[in-house]
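Input: a single structure, listed below in structure tokens.
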Amino acid sequence: MGSSVKVQILVGSKSDLEIAEKVRTRLQSFSVPCEVNVASAHRNPEKVDRLVADPETEVFIAMAGLSAALPGSVAARTLQPVIGVPLHRGLGLDSLLSVVQMPPGVPVAAVGLDAADNAALLATAILALKYPELKQRLAAYRATWREEASPSPGSPP
Ligand code: RP5
């Protein structure tokens with residue numbers, strides 16, 4: 001799949017970086033090239049413009065708390081798939097509804113609050129439509145995950 005950045009992870013604030021790192025770690029475990037950038041929909045709209053215009057990026061993951069405008073803002077600027085991760089900073093419900101309730105025409109694939117792992121897994125599944133080796137890595141991950149989640153009877157705790 002080459003080494004160009006396939007997934008751009010965008011966060012609205014430096015205070016969101018810890019959870020962005022969890023997404024990066026999961027993507028790296030599948031050898032998916034990715035990059036993390038801080039770009040607020042409110043404070044740095046020009047930076048959002050610039051990052052979203054990157055022609056190499058195939059999937060965007062946008063994460064933000066409070067009014068969480070970033071995922072929709074990214075989706076408005078691209079035809080590539082955008083995964084939105086609402087972050088639990090205020091009520092939780094505020095960012096969740098901002099990401100889930102996009103008006104018709106500009107979809108954002110919303111995962112749960114702070115759901116870093118699911119965002120990375122969904123991005124990898126989207127890329128796997130084009131890069132078959134990722135499907136194999138996802139299958140291996142799923143098998144291990146199932147085994148860890150439900151050990152066979154008689155196995156030690
Ligand atoms: C959102 O506001 C950011 O995504 C962050 O989750 C929240 C708080 O931002 P800071 O005040 O920490 O910059 O835009």
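Counting convention: from 1, in listed order, for ligands and their atoms alike. Everything numeric in this text was worked out from a predicted model, so none of it was measured.
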Atom 13 (O) of ligand 1: closest protein heavy atom, distance to 0.1 Å, is S13 OG, 2.7 Å
Starting from atom 7 (C) of ligand 1, locate the nearest protein heavy atom and write down its residue, its atom name and how far away it is, to 0.1 Å. L66 CD1, 3.9 Å
With a cut-off of 4.0 Å, which atoms of ligand 1 are near a heavy atom of [X]?
X   : answer
S15 : 9 (O), 10 (P), 12 (O)
R89 : 6 (O)
D16 : 3 (C), 4 (O), 5 (C), 6 (O)

Do [X] and [Y] pair up side chain to side chain, a donor and an acceptor below 3.5 Å, judged on atom types alone?
X   : Y    : answer
S73 : R77  : yes
N44 : E46  : no
E58 : Y131 : yes
T57 : D54  : yes

Going hydrophobic residue to hydrophobic residue with side-chain gaps under 4.5 angstrom, can you get from L113 over to V85? no
Can you hop from V52 to V7 via hydrophobic side chains spaced under 4.5 Å? no
Between G65 and ligand 1, is there a nitrogen or oxygen pair with a distance under 3.5 Å? yes
What part of A64 sits under 4.0 Å from ligand 1 if we count only heavy atoms: the side chain, the backbone, both or neither? both
Any heavy atom of R43 sitting closer than 4.0 Å to ligand 1? yes
